[in-house]
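Note sheet for the following structure.
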Amino acid sequence: MMSLLPRAFDVRPGEKFDVVIIGMGPAAYSAALYSARFMLKTLMIGETPGGQLTEAGEVDDYLGLIGIQAADMIKLFNKHIEKYNVPAIMDTVEYFRKENNEFIVKTKRRGEFKADAIIVAVGVKRRKLNVPGEAEFTGKGVSYCSVCDAPLFKNRPVVVVGGGDSALEGAEILSRYATKVYLVHRRDEFKAQPIYVESVKQKPNVEFILNSVVKEIKGDKIVRKVIVQNLKTNEIRELDVNGVFVEIGFDPPTDFARQNGLEVDSHGYIKVDEWMRTNIEGVYAAGDCTGMWLGFRQIITSAAQGAVAAHSAFNYLTEKKRKK
Ligand code: NAP
């Protein structure tokens, strides 16, 4: 049986591990798999099994897994780490600190765990538009996940905001449900991969509104209107829609990095070298939370970083034991 939830096995509070992995997205699972295969005693702690993958639909860009559903991919990840008996607990890591040459990892609900090395794979947070009406109508038409919520907007008109892969992928999915999709983007060039842009351009019910931004979201019990302004002409347009999909990217985990003394780059992402080493000895980072390959964030690139981080942790721990 394959499950969407990983197994906790028998983890005791205060237990010591070789490696504790913080996070539960593809980078974390990959780090867990490689760490276990290096025969390191490994624990994964995260909030959501799959991380951002829970917001994806069909995945067709992971080598070998042709057109797999994201949920099935998460089940396979669980099955794979279970094969190596890696325990995974769903909890929030509040912070970690170094004490007597080992790391103490403090969780919100399960107390503390000890580790000789840490792999941080905490992902990123969704960006907000910060316009009037956005907070008020969140869950009443404003959504941050086209893939998850598209079916709720069957036969209704919607707006998608953004010009990256998420927005274009979102517009493509929404075009299958909504009567009309307005794609509002602040420029007339796209960050998204051309394959997504071309695909959306072919959809008869998608209208591109370029060089434009959302100024306000209005409604009563649900969203009714979105006010859009053209940045070149200043022209204001009122769109009669019931959904607003905000797909404008992600912000780095600045607070987590600051709290734990992790250096960040000029964009706020955790600084790593080519071996995924952070500024703290024994602490590695992988996946979207890092500045590595910024601008090209894929499941497969996160998984690659997780594997490299585990390899570096293995080398570090081997060297540490040798010096004892
Ligand atoms: P992204 O690549 O950072 O793109 C964000 C888009 O939103 C950009 O077009 C940006 O405009 C726009 N934007 C940012 N802030 C805005 C604001 N305040 N108001 C209006 N527009 C704003 O983010 P993403 O599309 O969420 O993708 C994130 C990462 O995940 C990327 O690496 C992407 O490749 C990856 N991803 C991959 C897939 C896939 O391959 N299947 C699917 C989804 C996401 P500008 O263009 O003007 O900067």
Side-chain angles (χ1 to χ4, degrees), residues 25-27 50-63 65-71 73-74 121-135 138 142-150 159-174 182-200 208-217 226-232 237 239 244-253 265-269 286-305:
Q52 272 182 62
L53 202 47
T54 54
E55 297 169 357
E58 186 187 279
V59 176
D60 201 26
D61 51 11
Y62 197 98
L63 185 68
L65 300 180
I66 304 164
I68 190 171
Q69 287 302 313
M73 205 169 182
I74 297 168
V122 292
V124 283
K125 291 236 156 18
R126 284 190 172 278
R127 211 172 268 152
K128 302 246 157 88
L129 280 172
N130 296 320
V131 295
E134 182 182 23
T138 293
V142 174
S143 164
Y144 296 87
C145 182
S146 312
V147 178
C148 326
D149 294 341
V159 164
V160 178
V161 192
D165 284 342
S166 301
L168 274 291
E169 200 179 41
E172 204 278 327
I173 292 161
L174 279 156
Y182 297 99
L183 181 76
V184 177
H185 177 37
R186 63 186 178 185
R187 294 191 295 142
D188 56 6
E189 283 174 350
F190 292 91
K191 236 178 170 177
Q193 299 171 53
I195 191 168
Y196 292 130
V197 180
E198 286 315 308
S199 163
V200 175
F208 285 67
I209 303 184
L210 303 179
N211 299 311
S212 299
V213 291
V214 169
K215 297 299 280 183
E216 190 174 353
I217 299 164
V226 169
I227 315 298
V228 171
Q229 183 173 32
N230 185 303
L231 294 172
K232 295 216 158 141
R237 225 178 124 176
L239 305 173
V244 186
F245 289 83
V246 181
E247 296 281 12
I248 59 170
F250 299 84
D251 283 324
D265 63 18
S266 56
H267 300 280
Y269 291 90
D288 286 0
C289 64
T290 77
M292 182 67 83
W293 307 330
L294 194 64
F296 191 57
R297 317 207 117 150
Q298 305 287 305
I299 305 165
I300 205 159
T301 54
S302 284
Q305 291 181 22

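Atoms within each ligand, like the ligands themselves, are counted from 1 in listed order. Bear in mind the structure is a predicted one, so any value in this text is a computation, not a measurement. Computation of the quantities below employed the complete heavy-atom set of this structure, encompassing side-chain atoms and omitting hydrogens, waters and symmetry-equivalent molecules.
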**OP:** Around atom 38 (C) of ligand 1, find the nearest protein heavy atom and jot down its residue, atom name and distance.
**Re:** Asp165 CB, 3.6 Å
Original post:
Going by distance only, is there an N or O of Glu189 that falls short of 3.5 Å from an N or O of ligand 1?
Top reply: no
**OP:** Number the atoms of ligand 1 from 1 as they appear, then name those within less than 4.0 Å of a heavy atom of Gly249, with their elements.
**Re:** 5 (C), 23 (O), 26 (O)
Original post:
Are any of the side-chain heavy atoms of Tyr62 and Ile68 separated by less than 4.5 Å?
Top reply: no
**OP:** Name the closest protein heavy atom to atom 40 (O) of ligand 1, giving the residue it belongs to and the distance to 0.1 Å.
**Re:** Gln298 OE1, 3.0 Å
**OP:** List every atom of ligand 1 that sits less than 4.0 Å from any heavy atom of Gln193, numbering the atoms from 1 in the order shown and giving each element.
**Re:** 40 (O)
Subject >> Close side-chain approach of Phe190 and Leu183, heavy atoms under 4.5 Å >> reply: yes
Original post:
At what distance is the nearest protein heavy atom to atom 1 (P) of ligand 1, and which residue and atom is it?
Top reply: Lys191 NZ, 3.9 Å
**OP:** Around atom 42 (C) of ligand 1, find the nearest protein heavy atom and jot down its residue, atom name and distance.
**Re:** Glu169 OE1, 3.4 Å
**OP:** List the steps and the verdict of side-chain contact (heavy atoms from CB on, under 4.5 Å) for Arg297 and Phe250.
**Re:** CA-CA 11 Å; Arg297 317 207 117 150; Phe250 299 84; over 6 Å; no
Original post:
For atom 46 (O) of ligand 1, what's the nearest protein heavy atom and its distance?
Top reply: Arg187 NH2, 2.9 Å
**OP:** Using distance alone, determine whether Lys128 and ligand 1 share an N or O pair under 3.5 Å.
**Re:** no
**OP:** Record the part of Tyr196 in heavy-atom contact with ligand 1 below 4.0 Å; permitted values are side chain, backbone, both and neither.
**Re:** side chain
Original post:
Would you say the side chain of Val124 lies within less than 4.5 Å of the side chain of Gln52, judging by non-hydrogen atoms?
Top reply: yes
Original post:
What is the closest protein heavy atom to atom 14 (C) of ligand 1, and at what distance does it sit?
Top reply: Ile248 O, 3.2 Å
**OP:** Please examine the side chains of Val160 and Val184, heavy atoms only from C-beta on, and report whether any two atoms are closer than 4.5 Å.
**Re:** no
**OP:** Walk me through it: do Val147 and Glu247 pass the test side-chain contact (heavy atoms from CB on, under 4.5 Å)?
**Re:** CA-CA 11 Å; Val147 178; Glu247 296 281 12; 6.0 Å; no
Original post:
atom 44 (C) of ligand 1: which protein heavy atom is closest, and how many Å away?
Top reply: Ser166 OG, 3.4 Å
Original post:
If we only count heavy atoms from C-beta on, is the Asp251 to Arg127 side-chain gap below 4.5 Å?
Top reply: yes
**OP:** Check the pair Leu210, His185 against side-chain contact (heavy atoms from CB on, under 4.5 Å), reporting the backbone distance first and the verdict last.
**Re:** CA-CA 5 Å; Leu210 303 179; His185 177 37; 4.0 Å; yes
Original post:
By number and element, which atoms of ligand 1 are closer than 4.0 Å to a non-hydrogen atom of Asp61?
Top reply: 39 (C), 40 (O), 41 (N)
Original post:
To the nearest 0.1 Å, how far is atom 10 (C) of ligand 1 from its closest protein heavy atom, and which atom is that?
Top reply: Arg186 NH2, 3.8 Å
Subject >> Residue that, paired with Ile209, satisfies side chain to side chain contact (heavy atoms under 4.5 Å, CB included) out of Asn230, Val226, Val228, Val214 >> reply: Val228
**OP:** Find out whether Lys128 and Thr138 are in side-chain contact, i.e. whether some heavy atom of one side chain is under 4.5 Å from a heavy atom of the other.
**Re:** no
Subject >> Stepwise side-chain contact (heavy atoms from CB on, under 4.5 Å) check, Tyr269 with Thr290 >> reply: CA-CA 5 Å; Tyr269 291 90; Thr290 77; 5.7 Å; no
**OP:** State the atoms of ligand 1, each with its element, that fall below the 4.0 Å cut-off from a heavy-atom position in Gly163.
**Re:** 6 (C), 7 (O), 8 (C), 9 (O)
Original post:
What do we get for Val59 next to ligand 1 when only non-hydrogen atoms under 4.0 Å count, side chain, backbone, both or neither?
Top reply: neither
Subject >> Ligand-residue contact atoms, ligand 1 with Phe250, heavy atoms, under 4.0 Å >> reply: 26 (O), 28 (C)
Original post:
Hey, is Arg297 touching ligand 1 through its side chain, its backbone, both or neither, going by heavy atoms under 4.0 Å?
Top reply: both
